[in-house]
Amino acid sequence: MAGRRHTEDRRRWRAAAALALAGSLVPATAHAQLVPDLRGEVEENVLGIPRSGVVAPSEAGRTEPAPAAVPRARPPADEPDDGPAVITFDDTDPLDAAEDADTDSIDALIAASGAPDPDDPARFGRVEATGSVGPLARGTGSADENPFAPLGLRLGTFTVFTTLDLGVSHTRSQSTFENTGTTPLTYGTADSQGTFGEAALTLRGTSDWSRHALDWGFSGRLPVRLSGEAETEPTAQANAALRVDIDRETQLNLSGAYAYRKDDPGSAAVAIATDPLLFPGLGTVNDPVTQTLSGAAGLQRQAGPFSALAEINGERQVHGDATLTDGRTVSQDDLDYTRYGARLRGGYSISPVLTPFAEIEYSRRVMDVRPDPAGIDRNAVRYALRLGTAFDRGEKLSGEIALGYVHEDIADATLGDIGGLSVVGALNWSPRRETDVSAGLSTSTTTSGSAGVSGALVYAANLGITHRARADLELNGGLNVEYDDVVGAAEDEITVGGTLGATWWFNRFAGLTGRVSHERTFSDDPAEESSSTNAFVGVRLQR
């Protein structure tokens with residue numbers, strides 16, 4: 001009699017536990033059926049409770065020991081059977097052991113499920129899976145947006161990116177020259193072609209520091225003549241920029257740059273040595289090297305909406321010797337100079353996007369040789385005043401633009417001063433995904449070695465576009481325009497150039513690349529006009 005009562009009490013307890021579990025599942029089932037994305041009927045066994053005699057799919061083919069029975073207290077030996085209801089089981093009874101195991105599973109499930117979180121209605125009280133579910137869980141969860149981007153090489157606290165182009169280029173040039181001894185004056189043209197093996201290396205490094213930052217770069221191009229008589233010259237440039245964070249509002253910026261190129265001789269000493277009236281038929285046979293070294297140090301501070309910058313800067317330019325057709329060399333040190341100056345800027349942020357500013361600049365140019373062989377003192381003082389604004393809308397659009405006036409006062413009274421409108425600007429724009437546009441405007445002054453010519457006010461503009469048509473195909477193009485407003489007895493010049501190129505990547509480290517570029521110079525003096533076309537094809541290696 002006591003055993004039957006004991007069995008009935010245990011069954012009533014199990015029925016009550018099952019009803020409590022069903023009550024906790026009612027909100028989950030009801031809300032799940034309201035989700036419009038679900039199709040078909042909702043599975044009864046939503047929590048995956050194994051049915052009697054059925055093996056769960058995730059457990060198929062796997063044998064594990066059954067969970068150990070939870071120890072339960074037994075009543076004292078002297079307690080009567082009809083006393084307080086205490087759940088007990090007889091370990092020797094197989095039926096009772098199976099029923100108690102089911103009861104333990106229900107107990108554990110009820111304890112683990114808990115009540116729905118009222119602060120998280122999106123879960124609808126469901127129990128979330130914490131492990132991997134299905135084959136999709138094997139991935140990383142995010143795909144590489146650009147599988148052909150360079151990985152870079154880790155060197156200490158720097159990441160270095162390298163690009164090497166190896167290939168063959170073909171150049172065709174056309175120039176205009178003056179026929180001497182003819183009346184009236186006539187001009188002729190000269191065509192030349194050449195094929196070159198070419199190597200171009202680009203390095204870029206960036207620091208990974210918690211404070212401060214150092215970025216540096218190098219690019220160089222080395223052509224090797226294979227055939228023809230056309231000229232193409234090597235170039236190289238390097239730069240570095242260091243930012244020192246003094247505090248949250250103040251930073252020190254240090255920068256330096258070096259440029260190497262070859263250019264036509266133009267010093268007063270060369271002009272005298274090749275004067276056609278004194279030395280008819282004598283000319284130059286080389287393009288002397290021009291090296292430029294520049295640097296700047298600036299202190300910048302941001303105080304609320306106000307910003308200020310104080311900078312000192314300098315530049316040193318050195319020119320190589322020219323070689324004459326008779327084998328003699330002529331020094332061009334009368335073109336060498338040192339320039340030093342300062343710049344002050346103050347701005348006010350009227351919004352997180354726009355920061356108007358005013359800027360003043362002052363510098364002096366000191367020539368190594370003064371007066372030059374023509375008896376002219378080309379030392380000069382230059383100053384500029386600009387008003388502009390900086391704008392920043394994140395990666396989508398950023399840059400600055402400034403307008404003002406620049407004036408260069410040359411020491412020699414026989415030469416006119418150089419002055420005019422100053423336009424300076426930079427733009428980075430991403431009109432759509434995988435497309436980047438960069439543009440720049442600059443205004444500078446240059447000196448001259450020709451008698452009666454002060455120099456020129458040079459306006460330069462450039463535009464570059466890069467577009468990733470596919471993951472493995474990158475297209476690029478560029479346009480540059482330069483206008484030399486010459487002061488003195490010489491004609492103005494306009495130079496226009498354009499480039500189209502593409503790179504098709506085999507993998508992340510190598511691809512096929514090519515480009516076509518054309519440049520042309522226009523002038524009122526026909527002897528100064530020229531044009532050049534270059535085509536390159538090769539492989540690009542990157543890391």
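Within the 4.5 Å cutoff, the side chain of Asp165 has heavy atoms near those of the Phe536 side chain. Under the 4.5 Å side-chain criterion, counting only non-hydrogen atoms from C-beta, Leu457 is in contact with Thr443. Considering only heavy atoms from C-beta on, Val381 comes within 4.5 Å of Tyr362 through its side chain. Side-chain contact check for Asp492 versus Asp524: every heavy-atom pair is 4.5 Å or farther apart. The closest side-chain heavy-atom distance from Trp209 to Phe158 is below 4.5 Å. Counting heavy atoms from C-beta outward, Thr162 and Phe218 have side chains that stay 4.5 Å or more apart. Counting heavy atoms from C-beta on, the side chains of Arg301 and Asp247 come closer than 4.5 Å. Gln291 places a side-chain heavy atom less than 4.5 Å from the side chain of Tyr258.
Ala273 approaches Val330 most closely through the heavy-atom pair CB-CG2, 4.1 Å. Summarising the geometry of Ala322 relative to Val270, their closest heavy-atom pair is CB-CG2, 3.8 Å, with the distance given to 0.1 Å. Listed here is the closest heavy atom pair of Ala149 and Arg508: O-NH1, 2.7 Å. Nearest heavy-atom pair across Arg225 and Ala230 is NH1-O, 2.7 Å. Shortest non-hydrogen contact noted between Arg386 and Val424 is NE-CG2, 3.6 Å. Closest approach of Arg221 and Pro223 over heavy atoms only: O-CD, 3.8 Å.
No donor-acceptor distance shorter than 3.5 angstrom exists from the side chain of His518 to the backbone of Gly497, with no hydrogens or angles considered. Side-chain atoms of Thr195 never come within 3.5 Å of backbone atoms of Leu226 as a donor-acceptor pair (strictly under, hydrogens ignored). Remark: side-chain polar atoms of Gln302 are paired, donor with acceptor, to backbone N or O of Gly304 under 3.5 angstrom. With hydrogens and angles ignored, the 3.5 Å screen pairs no side-chain donor or acceptor of Asp417 with any backbone N or O of Asp409. Side-chain atoms of His407 do not come within 3.5 Å of backbone N or O of Arg382 as any donor-acceptor pair. With Asn379 contributing its side chain and Met367 its backbone, the two residues share a donor-acceptor pair below 3.5 Å. Of the possible donor and acceptor atoms, one in the side chain of Gln332 sits under 3.5 Å from a partner among the backbone N and O of Gly320. In this structure, Glu519 contributes its side chain and Asn480 its backbone to no donor-acceptor pair below 3.5 Å. Side chain of Lys396 to main chain of Ser430: a donor-acceptor pair is present (N/O by atom type, distance under 3.5 Å, no hydrogens or angles).
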(request) Determine, stepwise, if the pair Thr171 / Asn534 fulfils side chain to side chain donor-acceptor pair (under 3.5 Å). (result) CA-CA 4 Å; Thr171 299; Asn534 178 271; 2.7 Å; yes
(request) Show your working on salt bridge (Lys or Arg N to Asp or Glu O under 4.0 Å) between Arg468 and Asp436 and close with a plain yes or no. (result) CA-CA 9 Å; Arg468 189 173 298 278; Asp436 296 313; over 6 Å; no
(request) Starting from the C-alpha separation in whole Å, work towards a yes-or-no answer on side chain to side chain contact (heavy atoms under 4.5 Å, CB included) for Glu528 and Thr521. (result) CA-CA 8 Å; Glu528 299 297 330; Thr521 300; 5.7 Å; no
(message) Test side chain to side chain donor-acceptor pair (under 3.5 Å) on Asp412 and Thr414; report intermediate values, then the result.
(response) CA-CA 5 Å; Asp412 200 299; Thr414 62; 2.5 Å; yes
(request) Might you work through the side chain to side chain donor-acceptor pair (under 3.5 Å) test for Ser219 and Thr202, ending with a clear yes or no? (result) CA-CA 4 Å; Ser219 63; Thr202 301; 5.4 Å; no
(message) Under the criterion side chain to side chain donor-acceptor pair (under 3.5 Å), I'd like the reasoning laid out for Thr499 against Ser517: C-alpha separation, chi angles, the key distance, then a yes or no.
(response) CA-CA 4 Å; Thr499 302; Ser517 61; 4.6 Å; no
(request) Tell me, with the steps shown, if Tyr459 and Ile494 meet side chain to side chain contact (heavy atoms under 4.5 Å, CB included). (result) CA-CA 10 Å; Tyr459 298 97; Ile494 299 177; over 6 Å; no
(request) Give the C-alpha distance, both sets of side-chain angles, the deciding distance and a yes or no for side chain to side chain contact (heavy atoms under 4.5 Å, CB included) between Gln237 and Arg261. (result) CA-CA 9 Å; Gln237 58 184 9; Arg261 62 184 174 87; over 6 Å; no
(request) Test side chain to side chain contact (heavy atoms under 4.5 Å, CB included) on Leu541 and Phe509 and set out the steps. (result) CA-CA 6 Å; Leu541 308 176; Phe509 306 101; over 6 Å; no
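For Gln317, the side-chain contact (heavy atoms from CB on, under 4.5 Å) partners are Thr290, Thr292, His319, Tyr337, not counting sequence neighbours. The salt bridge (charged side-chain N to carboxylate O under 4.0 Å, His left out) test applied to Arg211 returns no partner, not counting sequence neighbours.
A salt bridge between Glu400 and Arg345 is present, with a side-chain N of the basic residue lying under 4.0 Å from a carboxylate O of the acidic one. Glu359 and Arg343 are joined by a salt bridge, as a carboxylate oxygen and a charged side-chain nitrogen come within less than 4.0 angstrom of each other. Asp334 has no carboxylate O lying under 4.0 Å from a charged side-chain N of Arg378, or vice versa, which leaves the two without a salt bridge. Salt-bridge formation is detected for the pair Arg365/Glu408: a Lys NZ or Arg NE/NH1/NH2 atom is positioned less than 4.0 Å from an Asp or Glu carboxylate oxygen. A salt bridge links Arg515 with Glu198: at least one charged nitrogen is closer than 4.0 Å to a carboxylate oxygen. Taking 4.0 Å as the cut-off between side-chain N and carboxylate O, Asp321 and Arg328 do not count as a salt-bridged pair. By the 4.0 Å N-to-carboxylate-O rule, Arg470 lies too far from Glu434 to be salt-bridged with it.
Side-chain contact check for Thr503 and Thr513: at least one donor-acceptor pair (N or O, by modelled atom type) lies under 3.5 Å. Checked by atom type, the side-chain pair Thr206/Asp215 shows a donor-acceptor distance below 3.5 Å.
Atom CH2 of Trp216 has more than 12 heavy atoms from other residues, nucleotides or ligands within 6.0 Å. More than 12 heavy atoms of other residues, nucleotides or ligands shown are found within 6.0 angstrom of CG on Leu479. Dense packing is recorded around CZ of Arg316, with more than 12 heavy atoms of other residues, nucleotides or ligands lying under 6.0 Å away. Counting heavy atoms of neighbouring residues, nucleotides and ligands inside a 6.0 Å radius, atom CZ of Arg243 exceeds 12 of them. The neighbour count for Arg154 CZ, taken as heavy atoms of other residues, nucleotides or ligands under 6.0 Å away, is above 12. Counted within 6.0 Å of CG on Leu500, heavy atoms from surrounding residues, nucleotides or ligands total 12 or fewer; the atom is thus considered open.
In this structure, the separation between CG on Leu387 and CD1 on Ile360 is 11.0 Å, given to the nearest 0.5 Å. Put simply, CG on Leu242 and CG on Asn253 are 8.5 Å apart, with the number rounded to the nearest 0.5 Å. The distance from atom OG1 of Thr447 to atom CD1 of Ile410, rounded to the nearest 0.5 Å, is 6.0 Å. The line from CH2 of Trp429 to CG of Leu397 is 8.5 Å long, rounded to the nearest 0.5 Å.
The aromatic rings of Trp504 and Phe506 stand perpendicular to each other, their planes meeting at an angle above 60°, with 30° marking the opposite boundary.
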